[in-house]
Amino acid sequence: MTAPYGGSPAPMAQPPRRGRHSNRGVADRARSAMFRGYRTIEGVGRRLGGIMHGTVAAVLIGLCIAGALALVTTGVAKVGGPIAAAPRPTTDNAPPIGTFSHHPVVVRLPAHPESYVGAYAKGVPESYAPIKALATATAARLNVALYYSGWRETFRSAFAVQAGDNGAVPFIQIEPFRVSLAAIVAGVYDTYLETFATSVASYGATTGHAVIIGFGHEMNGSWYPWGYRHTSPEVFVAAWRHIVTVFRRQGADNVTWLWTVNIMDQRHGIPSPAAWWPGSSYVTWVGIDGYYLRRTWMFASLFGPTIKAVRALTIAPVLIAETGAAPASDQPAKIANLFSGIRDYGLLGFVWFNAPGTQDWRLTGPAAIAEFGRGARTYKVATS
């Protein structure tokens with residue numbers, strides 16, 4: 001296999017200690033199961049007979065907190081007794097909670113079609129260098145920098161500043177591993193959330209920049225403990241709304257809230273995301289995750305049915321929030337198809353997962369690198 005960027009083969013780095021890839025075994029097993037379910041994805045568009053409509057009913061968590069705390073769902077932390085207050089997270093020069101509560105920091109991201117090309121790369125958020133190296137290799141301006149944040153992790157302000165200095169918006173996917181979503185709803189982790197929100201607001205106040213934040217992505221899939229068949233959609237919705245509310249109360253209105261779903265495959269247990277919809281007042285943009293695995297797969301069959309389901313819920317802008325193409329799928333052709341699909345559907349753009357996972361999703365070989373750069377340079381790149 002040709003090494004990424006045409007150099008010598010890169011050694012497999014040890015997983016970083018934080019965020020998504022500290023759960024590499026769980027994530028990889030989950031993605032393996034998901035990919036097995038994708039085998040007939042090219043027929044989804046033809047098979048899809050209807051889309052779930054409507055919004056999720058209001059959750060009466062507040063009327064029965066004790067019951068919520070006793071909620072037991074497979075894969076989610078069980079609450080066997082009173083829950084102690086979450087420990088106050090450590091911070092690096094974070095201002096006091098409440099600093100921006102009465103002086104909100106408001107920064108809005110532009111939402112023009114074909115204006116965002118971003119990436120995740122192994123080694124972030126400890127360093128911005130991997131994303132900078134990708135931008136250099138492709139001669140593309142990358143204006144979204146994705147990293148995954150474990151629950152109780154604080155906002156990585158140093159990485160955010162580096163991203164901003166390079167013209168990119170920090171994009172944080174918060175992953176609630178080893179935490180009860182019912183406890184989030186009940187306010188057990190409010191101090192953690194308030195601290196995170198205050199740090200985000202401080203970043204906005206200092207730099208004038210926005211951030212993108214997602215929570216519990218791919219919840220309509222069954223591979224994460226906050227997802228389908230493990231945590232009820234009602235509790236997920238209540239947790240999402242609670243988190244957004246806490247951030248807003250802390251004046252962190254420089255957040256673009258990205259509700260991120262997985263592409264649908266109803267025959268293999270990935271349903272419409274309608275049941276998890278928090279409502280338009282709690283969502284800024286919609287994210288969709290999906291990967292090209294085979295040569296026969298194309299944008300319309302891969303993403304089209306899910307875009308249709310999302311459009312039944314909202315007219316919010318859509319970003320392909322995580323994608324890649326296996327080298328065996330004819331990576332250059334799939335990259336060209338990705339750019340074409342974004343244009344045809346009028347989407348914001350995409351974030352490329354440029355790292356090893358269940359497969360090595362990195363751009364591989366000069367043709368793929370050139371195609372990525374060529375497509376990216378056609379975009380009117382937005383800034384925060």
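Partners of Thr284 under the side chain to side chain contact (heavy atoms under 4.5 Å, CB included) rule, at least two apart in sequence or in another chain, are Thr256, Trp257. Shown here are the side-chain hydrogen bond (donor to acceptor under 3.5 Å, both in side chains) partners of Glu371, two or more places apart in sequence or in another chain: Arg374. Annotation: side chain to side chain contact (heavy atoms under 4.5 Å, CB included) contacts of Ser202 (sequence neighbours excluded): Pro95, Phe100, Thr206. Listed by chain and residue number, Asp330 satisfy the side chain to side chain contact (heavy atoms under 4.5 Å, CB included) test with Ala333 (two or more places apart in sequence, or in another chain). Listed by chain and number, the residues in a side chain to side chain contact (heavy atoms under 4.5 Å, CB included) with Ala325 are Tyr292, Ser329, Gln331, Lys334, Trp352 (sequence neighbours excluded).
Residues Val237 and Ala275 share a closest heavy-atom pair of CG2-O, 4.0 Å. Between Val286 and Leu258, the closest heavy-atom pair is C-CD1, 3.6 Å. Minimum heavy-atom separation, Gly216 to Phe236: O-CE1, 3.5 Å. Nearest approach of Ile342 to Leu348, heavy atoms of both residues: CG2-C, 4.5 Å.
Summarising the geometry, atom OH belonging to Tyr282 is positioned 12.5 Å from atom CD1 belonging to Ile243; distances are rounded to the nearest 0.5 Å. In this structure, CG on Leu313 lies 12.5 Å from CD1 on Ile315, to the nearest 0.5 angstrom. We find the CZ-OG1 distance between Arg241 and Thr245 to be 9.0 Å, quoted to the nearest 0.5 Å. In this structure, the separation between NE2 on His230 and CH2 on Trp223 is 10.0 Å, given to the nearest 0.5 Å. Expressed to the nearest 0.5 Å, how far CZ of Arg249 lies from OG of Ser101 amounts to 10.0 Å. Here the CD1 atom belonging to Ile263 is positioned 11.0 Å from the CD atom belonging to Glu322, to the nearest 0.5 angstrom.
Judged by distance alone, with hydrogens and angles left aside, the side-chain atoms of Thr138 form a donor-acceptor pair with the main-chain N or O of Leu134 at under 3.5 Å. For Asn254 (side chain) and Val200 (main-chain N/O), a donor-acceptor pair under 3.5 Å exists by modelled atom type. Here the side chain of Thr364 pairs no donor or acceptor atom with the backbone of Pro327 at under 3.5 angstrom. Without hydrogens or angle criteria, Gln250 side chain to Thr198 main chain gives no donor-acceptor distance under 3.5 Å. The closest donor-acceptor contact from the side chain of Ser301 to the backbone of Met298 lies under 3.5 Å. Not a single donor-acceptor pair under 3.5 Å links the side chain of Asp253 to the backbone N or O of Val105. Checking side-chain atoms of Trp285 against main-chain N and O of Leu319 turns up no donor-acceptor pair under 3.5 Å. The closest donor-acceptor contact from the side chain of Arg311 to the backbone of Thr314 lies under 3.5 Å. Counting only distance, with no hydrogens or angles, the side chain of Tyr192 and the backbone of Arg152 share a donor-acceptor pair below 3.5 Å. Between the Asn354 side chain and the Leu363 main chain, a donor and an acceptor come within less than 3.5 Å of each other.
Residues Thr323 and Phe353 are not in side-chain contact: their nearest non-hydrogen atoms beyond the backbone lie 4.5 Å or more apart. Tyr224 has its side chain out of reach of Thr231: every pair of non-hydrogen atoms, C-beta onward, lies at least 4.5 Å apart. Ile184 is listed as a side-chain neighbour of Trp151, based on a closest heavy-atom distance under 4.5 Å. Between Val246 and Phe196, every side-chain heavy-atom pair lies at or beyond the 4.5 Å cut-off.
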Discussion item. Between Arg108 and Val106, does the side-chain contact (heavy atoms from CB on, under 4.5 Å) criterion hold? Intermediate values first, please.
Written reply: CA-CA 7 Å; Arg108 299 284 180 257; Val106 181; 3.7 Å; yes
Discussion item. As a quick check of understanding, evaluate side-chain contact (heavy atoms from CB on, under 4.5 Å) for Trp276 and Val261, giving each step before the final call.
Written reply: CA-CA 9 Å; Trp276 291 268; Val261 306; over 6 Å; no
Practice prompt. Show the numbers, then the answer: is there a side-chain contact (heavy atoms from CB on, under 4.5 Å) between Thr195 and Phe155?
Written response: CA-CA 9 Å; Thr195 302; Phe155 176 60; over 6 Å; no
Practice prompt. Under the side-chain contact (heavy atoms from CB on, under 4.5 Å) rule, what do Ile307 and Val310 come out as? Steps first, then yes or no, please.
Written response: CA-CA 5 Å; Ile307 293 171; Val310 165; 5.7 Å; no
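Within the 6.0 Å centre-distance limit, the rings of Trp361 and Tyr291 are counted as a close aromatic pair. Annotation: Trp226 is not in aromatic contact with Phe215 [ring centroid separation under 6.0 Å not met].
Between Tyr228 and Glu218, the side chains place no donor N or O within less than 3.5 Å of an acceptor N or O (distance only, hydrogens not considered). Asn262 and His217 form no side-chain donor-acceptor contact under 3.5 Å, judged by distance and modelled atom types alone. A donor and an acceptor atom, one from each side chain of Tyr379 and Arg141, are nowhere located under 3.5 Å apart.
Using cut-offs of 30° and 60° for the angle between ring planes, the Trp259 and Trp277 rings count as perpendicular.
Within 6.0 Å of CZ on Arg248 lie more than 12 heavy atoms contributed by other residues, nucleotides or ligands.
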Using atom types as modelled, flag every donor-acceptor pair under 3.5 Å from a side chain in residues 159-173 to any protein atom, sequence neighbours excluded.
from	atom 1	to	atom 2	distance (Å)
Gln162	OE1	Tyr128	N	3.2
Asn166	ND2	Gln162	O	2.8
Gln173	NE2	Thr260	OG1	3.1

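A ring pair (Phe, Tyr, Trp, His ring centres under 6.0 Å) with Tyr345 is found for exactly one of Phe299, Phe350, Phe339, namely Phe299.
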